[in-house]
Amino acid sequence: MASSRHFRVITTFIRPTTSSLRVQRSLVAHNARRFLSTTPALRDSRNFAPQTTIFRDVEPLRDFRRAALLNNRTIGLVPTMGALHEGHLSLVRQAAAENTDVFVTIYVNPTQFGLHEDLASYPKTWETDLRMLHTLDRELASVEGAGRVTAVFAPTTKTMYPTLPPDSSIPGVGSFIEMRPLGQLLEGASRPVFFRGVATVCMKLFNICQPERVYFGQKDIQQTVVIRRLVKDFHLPIDVKIVPTSREPDGLALSSRNVYLGTRRRTVGIVLNQALRKAEAQYKARNRTRGDILWPASDHADQTKMAQDALEPHERARFEVDYLSLADPETMEELDEVDPARGAILSGAVKMLPVEEGGPSEDLGVGGGQIPVMAIT
Ligand code: AMP
């Protein structure tokens with residue numbers, strides 16, 4: 001069970017032979033072509049007029065959506081918890097390539113945080129978020145055929161949970177959506193209320209915004225499986241789009257929570273990405289069994305952990321591997337062997353433990369290397 005004093009880094013890949021990745025790749029190529037092909041016909045951005053309206057309440061947004069529908073406009077929804085970075089923007093870009101209007105929601109959803117997780121300290125950067133969206137909208141305004149960021153929905157919790165105060169306890173009081181056992185595996189095993197909160201808030205956002213398409217990051221791979229299941233099982237008329245992970249040059253996935261890492265934990269936190277790449281290489285070398293695929297990943301993580309543990313407290317960044325998983329792409333159940341026709345999801349989670357002794361001028365990140373943080377969204 002992960003405690004609140006851990007930083008968790010998750011990196012996920014859909015292995016190369018999965019049909020979903022093939023779809024993903026061709027889709028990205030299509031988008032790239034679409035943007036590239038529009039480059040010579042850039043619109044004159046001197047005539048740029050901001051088109052983004054900020055909504056706090058449901059009714060005005062519904063009116064706006066209804067008017068869009070009557071004008072044959074299409075809505076691509078990008079749900080976020082704010083503290084935006086280039087990863088979020090890549091979702092908005094793809095949504096703008098495929099829709100006339102992009103709705104971005106910014107809401108830190110309390111019901112997906114366990115009682116001892118980092119809800120209170122989760123980064124909130126509203127002004128910067130809006131500036132980033134405004135800048136991106138300006139960029140989109142200059143691209144022929146691209147959609148615009150026409151709505152930002154930033155509701156209060158009273159708006160999102162009108163009946164009861166939101167509850168993060170187990171079993172929880174309120175109206176929730178749960179997927180069992182999908183939502184209890186992997187991430188859900190150490191964060192029992194997480195996917196219940198995610199599925200519930202997404203259902204609310206889908207009902208409020210009524211998008212044609214929704215955009216989610218592949219980084220949070222189990223979340224994408226949960227959302228696909230939500231859409232399938234509740235017959236939602238929505239197309240779920242999965243966008244590849246934006247990464248730092250060394251491979252670390254961009255994340256709003258990276259601000260907590262500091263230099264030392266940031267350097268070691270790349271271990272998960274390295275481990276999963278080793279597992280991916282095994283599959284590319286035609287290995288198909290669980291042991292053959294996962295052992296180099298476990299070995300790399302073990303070696304790195306031993307090396308860190310052997311260092312002095314003022315030098316080391318300790319971590320624990322929560323899981324390394326090779327799972328079915330629809331159920332997230334662990335696989336003993338991969339059927340190449342069906343593919344699999346390779347994923348993992350590492351908990352970066354608090355820094356024990358910081359140096360006098362060391363960058364320990366927001367919270368001095370100690371901030372209680374749980375997981376990702
Ligand atoms: P969050 O604000 O963390 O809830 O993330 C909102 C959406 O952005 C989710 O669908 C995430 O999977 C996606 N996202 C977060 N980080 C990245 C990234 N580095 N690359 C692509 N998508 C991301």
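For the numbers below, each heavy atom of this structure counts, side chains included, while hydrogens, waters and symmetry mates do not. Both counts, for ligands and for their atoms, begin at 1 and track the order of listing.
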Practice prompt. Just go through Pro123, Ala253, Gly87 and tell me whose heavy atom is the nearest to atom 23 (C) of ligand 1.
Written response: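 The nearest heavy atom belongs to Gly87.
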
Worksheet item: Out of Met81, Lys219, Glu86, who gets a non-hydrogen atom closest to atom 16 (N) of ligand 1?
Response: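 Comparing heavy atoms across Met81, Lys219, Glu86, the nearest one to atom 16 (N) of ligand 1 lies in Lys219.
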
Worksheet item: Hey, what's the ring geometry for Phe103 with Phe64, parallel, tilted or perpendicular (30° and 60° as the breaks)?
Response: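 Taking Phe64 first and then Phe103, their aromatic rings sit tilted (interplane angle of 30° to 60°).
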
Can you list the ligand 1 atoms lying under 4.0 Å from a non-hydrogen atom of [X]?
X	result
Asp220	11 (C), 12 (O)
Thr80	2 (O), 6 (C)
Leu254	16 (N), 17 (C), 18 (C), 19 (N)
Leu91	7 (C), 8 (O), 10 (O), 13 (C), 21 (C), 22 (N)
Gln223	9 (C), 10 (O)

Worksheet entry | Location of contacts on Pro79 toward ligand 1, heavy atoms closer than 4.0 Å |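 It is the backbone that gets close, since no side chain atom is under 4.0 Å.
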
Ligand 1 to [X] polar contact by distance, N or O atoms, under 3.5 Å:
X	value
Ser246	yes
His88	yes
Phe216	no
Ser90	no
Gly217	yes

Taking 4.0 angstrom as the limit, do [X] and [Y] come out as a salt bridge?
X	Y	value
Glu330	Arg229	no
Lys351	Glu320	yes
Glu212	Arg65	yes
Glu117	Arg191	yes
Asp328	Arg342	yes

Worksheet item: Is the shortest distance from a heavy atom of Arg257 to ligand 1 less than 4.0 Å?
Response: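 For ligand 1, residue contact (heavy atoms, under 4.0 Å) with Arg257 is absent.
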
Worksheet item: Looking only at heavy atoms of Pro244, does any of them come nearer than 4.0 Å to an atom of ligand 1?
Response: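 Heavy atoms of Pro244 do come under 4.0 Å of ligand 1.
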
Worksheet item: Is it true that atom NZ of Lys232 has more than 12 heavy atoms of other residues, nucleotides or ligands lying nearer than 6.0 Å?
Response: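 At most 12 heavy atoms, drawn from other residues, nucleotides or ligands, come within 6.0 Å of this atom.
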
Discussion item. Just checking Lys305: does its NZ atom have more than 12 heavy atoms from other residues, nucleotides or ligands closer to it than 6.0 angstrom?
Written reply: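 Result for NZ/Lys305: enclosed.
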
Fill in: Reference residue Tyr215; test side-chain contact (heavy atoms from CB on, under 4.5 Å); the match among Val92, Asn99, Asp239
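Output: one option passes, namely Asn99.
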
Worksheet item: Out of Asp363, Asn258, Asp250, which residue meets the side chain to side chain donor-acceptor pair (under 3.5 Å) rule with Arg266?
Response: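 The single option meeting the side chain to side chain donor-acceptor pair (under 3.5 Å) with Arg266 is Asp250.
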
